Q: 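Dropping a structure here in structure tokens format, bear with me for questions.
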There are 2 protein chains.
Amino acid sequence: MVQEPDADRVAATRDRLVTPEEATRLAELFRLLGDPTRARLMYALLEAGELCVCDLADAVEVTDTAVSHALRLLRTAGIVASRRAGRMIYYRLADAHVRMLLDLSREHLKETG
Amino acid sequence: MVQEPDADRVAATRDRLVTPEEATRLAELFRLLGDPTRARLMYALLEAGELCVCDLADAVEVTDTAVSHALRLLRTAGIVASRRAGRMIYYRLADAHVRMLLDLSREHLKETG
DNA sequence: ACAACACCTGAAGAGCTATTCATATGTGCA
DNA sequence: TGCACATATGAATAGCTCTTCAGGTGTTGT
């Protein structure tokens, strides 16, 4: 690789581009959604609004331990929020952006097959 | 886990929910964006519109081989599209949804810190 | 206080993934 | 035709990730 077809634009792109750090954080966000179990949990919350761990385990048909592990990652990343009610802990999507993200992705899937 | 706090809503959620198959495909989409290198490639394309492999390698500061491998995954998934021009192959984001997805995610990062 | 429950956490192993190295393919130019 | 270049591909390995198992914490009801 010797040529540099459009060196100026490349330099500009590299400069204006998301920094490696920002990219890493963005990738982290996507990575968390990039697991079938976690994705299903997120869409369950999108659909139901708020669910406790046992409900989520039931809805997604996964061990409650696996759900707990998954939720910890999502919680730590600030993608979901939780609320305690007695022995149960209810989870919900953290913010509107995440909700839009999930909707938009489904759109993409619908239209691109 | 013995109780079922809201069995009806859970059942409804499980039924109306994205199917495991759909969830797997959605997760697959996110998983592809969930790697720093691929994420940076995507944002480079978002910024520049269209870039060849060597430009991308330069912008993202990764081996051209690594870029090629990464692009193959993205291409196969239909997230990016390519066009040949002489010896070079130019890549671009495949559709508007993907572009919105990338923008929205950056918003999320900006506002949630 | 004790038992049952909802949930969390740490460790461990199987499976997956990203990068690298070596090599192959296809294109343009002389 | 032959060489240089841009990109693609295959194999291999190091590193990561998800699930499970075993046990721990906090809460309710009796």
Side-chain angles (χ1 to χ4, degrees), chain A residues 1-7 10 20 23-24 27-42 44-45 50-77 80-92, chain B residues 1-7 10 20 23-24 27-42 44-45 50-77 80-92:
Chain A
M1 217 146 45
V2 166
Q3 257 193 88
E4 196 58 68
D6 196 340
V10 172
T24 300
E28 177 68 7
L29 169 63
F30 288 125
R31 194 183 63 80
L32 287 168
L33 302 173
D35 169 75
T37 297
R38 288 194 296 267
R40 290 184 75 198
L41 289 174
M42 294 295 283
L45 292 176
E50 198 184 49
L51 290 170
C52 66
V53 176
C54 62
D55 283 351
L56 282 166
D58 201 63
V60 173
E61 293 171 301
V62 175
T63 307
D64 61 324
T65 301
V67 170
S68 200
H69 277 297
L71 286 174
R72 184 159 59 93
L73 294 175
L74 297 171
R75 195 194 331 130
T76 302
V80 302
S82 63
R83 159 180 85 83
R84 170 151 237 149
R87 327 179 191 186
M88 290 181 274
I89 297 179
Y90 285 91
Y91 282 85
R92 62 184 181 281
Chain B
M1 220 145 41
V2 167
Q3 258 193 88
E4 196 57 67
D6 196 340
V10 173
T24 300
E28 177 67 8
L29 168 64
F30 288 125
R31 195 184 62 79
L32 287 167
L33 302 173
D35 169 75
T37 297
R38 288 194 295 266
R40 291 184 75 197
L41 289 174
M42 293 295 284
L45 292 176
E50 198 184 48
L51 290 171
C52 66
V53 176
C54 62
D55 283 350
L56 282 167
D58 200 63
V60 173
E61 292 170 303
V62 174
T63 306
D64 61 323
T65 301
V67 170
S68 198
H69 277 297
L71 287 173
R72 185 159 60 94
L73 294 175
L74 297 172
R75 195 194 332 132
T76 302
V80 302
S82 62
R83 158 180 86 81
R84 170 150 237 152
R87 326 178 192 188
M88 289 181 273
I89 297 179
Y90 285 91
Y91 281 85
R92 61 185 182 279

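This one's a predicted model, so the numbers in the text were calculated from it and none came from an experiment. Chain letters run A, B, ... following the sequence lines, proteins first, then strands; residues in each count from 1.
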Q: Does the side chain of A:L71 reach to within under 4.5 Å of the side chain of A:I89, using non-hydrogen atoms?
A: no

Q: Taking OP1 and OP2 of D:dA6, is either one under 4.0 Å from a side-chain nitrogen or oxygen of B:S68?
A: no

Q: Provide, to the nearest angstrom, the distance between the CE atom belonging to B:M88 and the C1' atom belonging to D:dA8.
A: 16 Å

Q: Nearest 0.5 Å, please: how far is CG in B:L32 from CE in B:M42?
A: 8.5 Å

Q: Are OP1 or OP2 of D:dT17 and a side-chain N or O of A:R38 less than 4.0 angstrom apart?
A: no

Q: How long is the line joining CG of A:L32 and C1' of D:dC16, in whole Å?
A: 14 Å

Q: Can you check whether B:R75 reaches B:V80 side chain to side chain, under 4.5 Å on heavy atoms?
A: yes

Q: Decide yes or no for A:L45 and A:L56: does some side-chain heavy atom of the first lie under 4.5 Å from some side-chain heavy atom of the second?
A: yes

Q: Considering the terminal five base pairs at each end of the helix from C:dA1-D:dT30 to C:dA30-D:dT1, what angle separates the two local helix axes, rounded to 10°?
A: 30°

Q: Side-chain contact test, heavy atoms from C-beta onward, threshold under 4.5 Å: evaluate it for A:V67 versus A:V60 and give yes or no.
A: no

Q: Quick check on DNA chain D: between A:T37 and B:I89, whose nearest nucleotide comes earlier from the 5' end?
A: B:I89

Q: Out of C:dT20, C:dC7, D:dT7, which has the shortest distance to the side chain of B:A66?
A: C:dT20

Q: Output the rounded distance in Å from CG (B:L71) to C1' (D:dA8).
A: 11 Å

Q: If you compare every side-chain N and O of B:T63 against the phosphate oxygens of C:dT20 (OP1, OP2), does one of them come in below 4.0 Å?
A: yes

Q: Find the distance B:D64:CG to C:dT20:C1' and express it as a whole number of Å.
A: 12 Å

Q: Would you say the side-chain atoms of A:R84 pair up with the backbone N or O of A:G86, donor to acceptor, closer than 3.5 Å?
A: yes

Q: At under 4.0 Å, does any side-chain N or O of A:R72 touch on OP1 or OP2 of C:dC8?
A: no

Q: Rounded to whole Å, please give me the gap between CG in A:L51 and P in C:dC7.
A: 11 Å

Q: Please check if the side chain of B:T76 supplies one atom and the backbone of B:R72 the other of a donor-acceptor pair under 3.5 Å.
A: yes

Q: Rounded off to whole Å, could you give me the CG-to-C1' distance for the A:L41 and D:dT19 pair?
A: 14 Å

Q: Could you check if a side-chain atom of B:D35 sits within less than 4.5 angstrom of a side-chain atom of B:L73, using non-hydrogen atoms only?
A: no

Q: Check the distance between D:dT7's P and B:L56's CG and give it to me in whole angstrom.
A: 9 Å

Q: Looking at B:Y91 and B:S82, what are the two nearest heavy atoms and their distance?
A: CE2-CB, 3.6 Å

Q: Collect all protein-nucleotide pairs involving nucleotides 22-29 of chain C in which both atoms are nitrogen or oxygen and the distance is under 3.5 Å.
A:
residue, atom, partner, partner atom, Å
C:dG28, O4', B:R87, NE, 3.4

Q: Does D:dA8 have OP1 or OP2 under 4.0 Å away from a side-chain N or O of B:Y91?
A: yes

Q: Tell whether B:H69 reaches the base of D:dT7 with its side chain through a donor-acceptor pair below 3.5 angstrom.
A: no

Q: Give the rounded distance in Å between these two atoms: OH of A:Y90 and C1' of C:dC7.
A: 13 Å

Q: OP1 or OP2 of D:dC16 less than 4.0 angstrom from a side-chain nitrogen or oxygen of A:R31, does that happen here?
A: no

Q: Of all heavy-atom pairs between A:L51 and A:A44, which one has the smallest distance, and what is that distance?
A: CD1-O, 4.1 Å

